[in-house]
Amino acid sequence: MTTFARRALPVAVAVLLLFAFTLTPAGAVPSPTAADTLQFYGGEVRAVAQIGGNIYVGGSFTAVGNGTPSIPRSNLVAIDAASGQLVTGFDPHPDNAVNTLLVSAGGTHLYAGGVFNNVRGCSQCDRLAMLDPATGAAVASFGPRPNAAVLSLAQAGNTLFVGGTFATVSGRRRVRLAAVDATTGTVGGMALHANQAVRDLAVNPAGTTLYLAGAFTSVGGVTRYNFASVDIASRLLTAWNPNIHASGWGVALSPNGATAFMTTADGNESVCNAGHESVIAMSATGSGTPPVLWHNGGAPGCVYTSGDVNAVEATASAVYIGGHLANLCTVRNTSYTTACPGALTVRNHLAALDPATGVPLSWNPGATGVRGVLVTGALAAGLGVGGDFQRTNGVLHSGFALFPGTA
């Protein structure tokens, strides 16, 4: 034991130094006061994206307006980034909810995924469509047609990765995870089936690795609890295994691709199981289960939890999280199997964390709502936030808020 302790000390110091080089300290964050923008009624905002001067907002809403639901626009609209008001020329009118949006690699198209069956008359655009960002018209030749909900999209090269609850794509067996040609929609060769929903996808900056978050316990027949990664070149599961026994909601990567930030809901085995309803930072590379860089979650009555953390976005300045969380740990915690070692601080549904420590930053607009915040997106115009909330910072911003500045 003594020999081990003497060897472990320099190793621990080396590991801490490595963390210091791979994790970027917090920088400037956007304004905590949301801009005056269009508001969303009759449902949730679940997705945001930006192309040029347009911000695209998707969800399950039925109308938009300014204080009242005065304009009947459902599920997907564009707003002008400068004025915050409706772009009337963009009118895809999908017939059901949009869960995810992704700007194509060249910025020439907008991909939309969800549970819709028709987009502007395109009947073969079931649940996944490629849209003209100016008009909202669907590209009719692109029709992968997953047979159930699409929850997340990511792109690497000319491959579009699709996650959700589906079992087939274009009639071929692709269970909750698929790869399709980003131009034609033709189904690719990857057949790594997940045994439960894939909720979120992210590709590292190098375009070499795809990261998954969801409610699964196996991918491609290999045990992986809620988070996993896939080598894009081989389309095979990697040996990276966070082994977090709490249902995954989101995954985001640091700008240098070195760190994975993972958000969770309930635990697989018990309500207060380790990693439940929190955000966890680990190395994004290597084999096996990486050490915890930091973990943040805490609530009265269940020392490991904060409320579901539905959304995560990582920038050089901050890790933005959203959900119906309330309490966060005010000091760095490098274990997710023990309680917060310090006091808790209140952040209502929305927070910004220091990327190096996981400690909440002073940025604190807050949000109301039942599910709270469902999406956070770093846009050219600022931080876009969507959900079922009515107010941020005490001001009416129904369903959507844009915090201007550099996220």
Side-chain angles (χ1 to χ4, degrees), residues 26-35 37 40 44-50 55-59 79 81 98-103 151-154 199-202 211 213 248-255 259-265 277-281 296-297 306-326 328 347-355 358 360-369 371-393 397-407:
V29 294
S31 170
T33 302
T37 62
F40 296 77
E44 304 168 337
V45 169
R46 302 175 183 174
V48 296
Q50 184 171 355
I55 296 173
Y56 301 89
V57 181
I79 64 176
V98 171
N99 295 324
T100 181
L101 296 170
L102 180 70
V103 178
L151 299 177
S152 186
L153 299 168
R199 293 184 180 133
D200 199 18
L201 300 172
Y211 294 81
W249 269 111
V251 58
L253 300 173
S254 60
T259 305
F261 304 101
M262 296 164 282
T263 63
T264 65
E277 296 184 347
S278 59
V279 55
I280 300 163
N296 204 324
S306 63
D308 284 0
V309 186
N310 302 318
V312 60
E313 177 73 297
T315 71
S317 299
V319 177
Y320 299 94
I321 58 171
H324 60 264
L325 60 100
L328 293 171
R347 290 291 184 269
N348 288 320
H349 297 159
L350 182 62
L353 309 180
D354 186 305
L361 302 178
S362 60
W363 187 83
N364 183 23
T368 60
R371 297 182 70 196
V373 172
L374 300 176
V375 61
T376 57
L379 309 175
L383 185 74
V385 174
D388 72 350
F389 54 84
Q390 294 78 45
R391 296 177 180 272
T392 66
N393 235 342
H397 289 285
S398 184
F400 174 77
L402 175 66
F403 299 97
T406 301

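The chain is numbered in sequence order, starting from 1. This structure is a prediction, so every number in the text was calculated from the model and none was measured.
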- Approximate separation, where rounding is to 0.5 Å, of L379 CG and Y56 OH: 12.0 Å

- Message: Could you measure the distance from the CG atom of L361 to the CG atom of D354? Nearest 0.5 Å is fine.
- Response: 5.5 Å

- In chain order, what residues pass the ring pair (Phe, Tyr, Trp, His ring centres under 6.0 Å) check against F389, with sequence neighbours excluded? none

- Item | Pairs satisfying side chain to side chain donor-acceptor pair (under 3.5 Å), at least one member in residues 379-393, at least two apart | T368-Q390

- Taking every heavy atom of A311 against every heavy atom of T263, the minimum-distance pair comes out as O-CG2, 4.2 Å

- Note on the structure: Taking every heavy atom of A35 against every heavy atom of H397, the minimum-distance pair comes out as O-CE1, 3.1 Å

- Query: Do any N or O atoms from the side chain of T259 and from the backbone of S254 form a donor-acceptor pair under 3.5 angstrom?
  - Reply: no

- Message: Going by side-chain hydrogen bond (donor to acceptor under 3.5 Å, both in side chains), name the residues that satisfy it together with R347, two or more places apart in sequence or in a different chain.
- Response: none

- Item | Partner residues of N310 under the side-chain hydrogen bond (donor to acceptor under 3.5 Å, both in side chains) criterion, sequence neighbours left out | none

- Message: On a heavy-atom basis, which atom in I79 and which in T37 lie closest, and how many Å separate them?
- Response: CD1-CB, 4.4 Å

- Message: I'd like to know whether R46 forms a side-chain contact (heavy atoms from CB on, under 4.5 Å) with V375, so could you lay out the CA-CA distance, the side-chain angles of the two residues, the decisive distance to 0.1 Å, and finally the verdict.
- Response: CA-CA 6 Å; R46 302 175 183 174; V375 61; 5.7 Å; no

- Positive for side chain to side chain contact (heavy atoms under 4.5 Å, CB included) with Y320, one of V312, V373, V29: V29

- Query: Do T264 and S278 pass the side-chain contact (heavy atoms from CB on, under 4.5 Å) test, and can you show the C-alpha distance, the side-chain angles, and the key distance before you say yes or no?
  - Reply: CA-CA 5 Å; T264 65; S278 59; 3.6 Å; yes

- Query: Roughly how far, to the nearest 0.5 Å, is the OH atom of Y211 from the CG atom of D200?
  - Reply: 13.5 Å

- Would you say the side-chain atoms of S398 pair up with the backbone N or O of F40, donor to acceptor, closer than 3.5 Å? yes

- Message: Taking salt bridge (charged side-chain N to carboxylate O under 4.0 Å, His left out) as the definition, give me every residue that meets it alongside R371, ordered by chain and number, with sequence neighbours left out.
- Response: E44

Would you list the atom pairs, donor with acceptor, under 3.5 Å between side chains in residues 399-407 and any protein atom, with sequence neighbours excluded?
none

- Query: Roughly how far, to the nearest 0.5 Å, is the NE2 atom of H324 from the CG atom of L374?
  - Reply: 10.5 Å

- Heavy-atom pair of closest approach, residues V319 and P355: CG2-CA, 4.0 Å

- Query: Where the side chain of T376 meets the backbone of V385, is there a donor-acceptor pair that is under 3.5 Å apart?
  - Reply: no

- N/O donor-acceptor pair under 3.5 Å between W249 side chain and R199 backbone: no

- A49 and V103: which non-hydrogen atoms are nearest, and at how many Å? CB-CG2, 4.0 Å

- Here the gap from S317 atom OG to L353 atom CG, rounded to the nearest 0.5 Å, amounts to 13.0 Å

- Item | Interatomic distance, H349 atom NE2 to I321 atom CD1 [nearest 0.5 angstrom] | 11.5 Å

- Pairing residues for N348 by the side-chain contact (heavy atoms from CB on, under 4.5 Å) criterion, not counting sequence neighbours: V346

- Could you pull out the closest heavy-atom pair between A202 and V251, with the gap in Å? CB-O, 3.8 Å

